[in-house]
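Position 1 is the first residue of the sequence; numbering continues from there.
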Amino acid sequence: MATQLEAAERGLLTAAMKSAARSERVPDEAVLREVASGRAVVPCNPHHKHLQPAVVGRAFRTKVNANIGRSPEGSSLRVELRKLFAALDAGADTVMDLSVGSGLGGIRRRIIKECPAPVGTVPIYEAFCRAGGKIEN
């Protein structure tokens, strides 16, 4: 499977690019051109089945990102889903899951399943948790 950038570099307009162009109310070719040049991205996880793609770049409207994330001390999947829906209701265009602790895979799968917006993560947080929360020299 090609990435959005690889497709754009070959001149192929993907369904995600077309959807993002409709959302931005710009010609499809504007998204294709900006992605191919490296001036824009279309975050598009192929496993995100209900994704409404967005295009991020200077030629397009400013996007609002919401950070959510579970901590072992005071959160749960239920709380994170409430945060997710509150962020989407407030107009977030993208969501970043900054969860730490155990069970991250299940939490992320559920967030992605429930969220129509692009979802990102910070893999180093998970690596840190898997290492026992310790950094050794």
Side-chain angles (χ1 to χ4, degrees):
M1 167 171 277
T3 65
Q4 297 299 306
L5 174 60
E6 291 166 337
E9 288 175 335
R10 291 194 311 258
L12 301 174
L13 191 62
T14 66
M17 289 181 221
K18 289 178 183 179
S19 177
R22 275 192 308 276
S23 173
E24 291 286 326
R25 296 186 175 125
V26 299
D28 296 348
E29 294 73 24
V31 174
L32 176 65
R33 182 179 56 252
E34 290 297 300
V35 172
S37 72
R39 292 186 301 263
V41 297
V42 177
C44 188
N45 178 344
H47 301 291
H48 194 158
K49 300 301 180 198
H50 304 291
L51 177 66
Q52 296 171 2
V55 58
V56 179
R58 293 184 98 175
F60 308 104
R61 68 181 178 79
T62 300
K63 303 302 182 288
V64 174
N65 180 63
N67 291 336
I68 63 172
R70 175 189 166 279
S71 72
E73 291 82 28
S75 186
S76 65
L77 173 59
R78 190 179 73 121
V79 169
E80 292 314 307
L81 290 175
R82 279 201 332 248
K83 290 181 198 175
L84 170 66
F85 297 133
L88 294 172
D89 288 345
D93 298 293
T94 61
V95 175
M96 196 69 156
D97 173 32
L98 306 177
S99 293
V100 295
S102 62
L104 295 180
I107 289 169
R108 289 193 181 133
R109 279 189 293 279
R110 184 69 184 276
I111 288 170
I112 289 169
K113 180 180 178 187
E114 299 290 336
C115 184
V119 176
T121 66
V122 181
I124 194 72
Y125 289 4
E126 183 172 359
F128 184 73
C129 290
R130 285 185 182 193
K134 297 177 185 172
I135 298 176
E136 297 180 19
N137 293 329

Seminar exercise, completed: Joining Ile, Leu, Val, Met, Phe, Trp and Tyr whenever any side-chain heavy atoms lie under 4.5 Å apart, the cluster holding L12 also takes in none
For this session: Name all residues meeting the side-chain contact (heavy atoms from CB on, under 4.5 Å) criterion together with P123; count only those two or more places apart in sequence or in a different chain, and write none if there are none.
Result: T121
Exercise. Can you name the side-chain contact (heavy atoms from CB on, under 4.5 Å) partners of V64, sequence neighbours left out?
Worked result: D93
Taking only residues two or more places apart in sequence or in another chain, which ones pass side-chain hydrogen bond (donor to acceptor under 3.5 Å, both in side chains) with [X]?
X: S71; value: none
X: K18; value: none
X: S19; value: none
X: T14; value: Q4

In this structure, would [X] and [Y] fall into the same cluster of hydrophobic residues linked by side-chain contacts under 4.5 Å?
X: F60; Y: L13; value: yes
X: V119; Y: L81; value: yes
X: L104; Y: I124; value: no
X: F85; Y: I107; value: yes

Seminar exercise, completed: Here the salt bridge (Lys or Arg N to Asp or Glu O under 4.0 Å) pairs for residues 37-48, sequence neighbours left out, are E34-R39
Problem set entry | Pairs where residues 44-60 contributes a residue and the test salt bridge (Lys or Arg N to Asp or Glu O under 4.0 Å) is met, not counting sequence neighbours | none
Heavy-atom closest contact ([X] atom, [Y] atom, distance):
X: G69; Y: K83; value: O-NZ, 3.3 Å
X: A20; Y: A54; value: CB-C, 3.9 Å
X: L98; Y: V122; value: CD2-CG2, 3.4 Å
X: A2; Y: R10; value: CB-NH2, 3.6 Å
X: L32; Y: A8; value: CD1-CA, 3.5 Å

For this session: With sequence neighbours excluded, give me every side-chain hydrogen bond (donor to acceptor under 3.5 Å, both in side chains) pair touching residues 20-32.
Result: E24-K63
For this session: Quick one: list whatever passes salt bridge (Lys or Arg N to Asp or Glu O under 4.0 Å) with R110, sequence neighbours left out.
Result: E114
Are side-chain heavy atoms of [X] and [Y] found at a separation under 4.5 Å?
X: I111; Y: I68; value: yes
X: L51; Y: P116; value: no
X: R82; Y: R78; value: yes

Seminar exercise, completed: CD (E80) and OG (S99) are apart, to the nearest 0.5 Å, by 5.0 Å
For this session: Spell out, as yes or no, whether a donor-acceptor pair under 3.5 Å connects the side chain of R70 to the backbone of L77.
Result: no
All N/O donor-acceptor pairs, side-chain side in residues 40-48, below 3.5 Å, sequence neighbours left out:
| unit_1 | atom_1 | unit_2 | atom_2 | d |
| --- | --- | --- | --- | --- |
| N45 | OD1 | H47 | N | 2.7 |
| H48 | NE2 | I112 | O | 3.2 |
| H48 | NE2 | C115 | O | 2.4 |

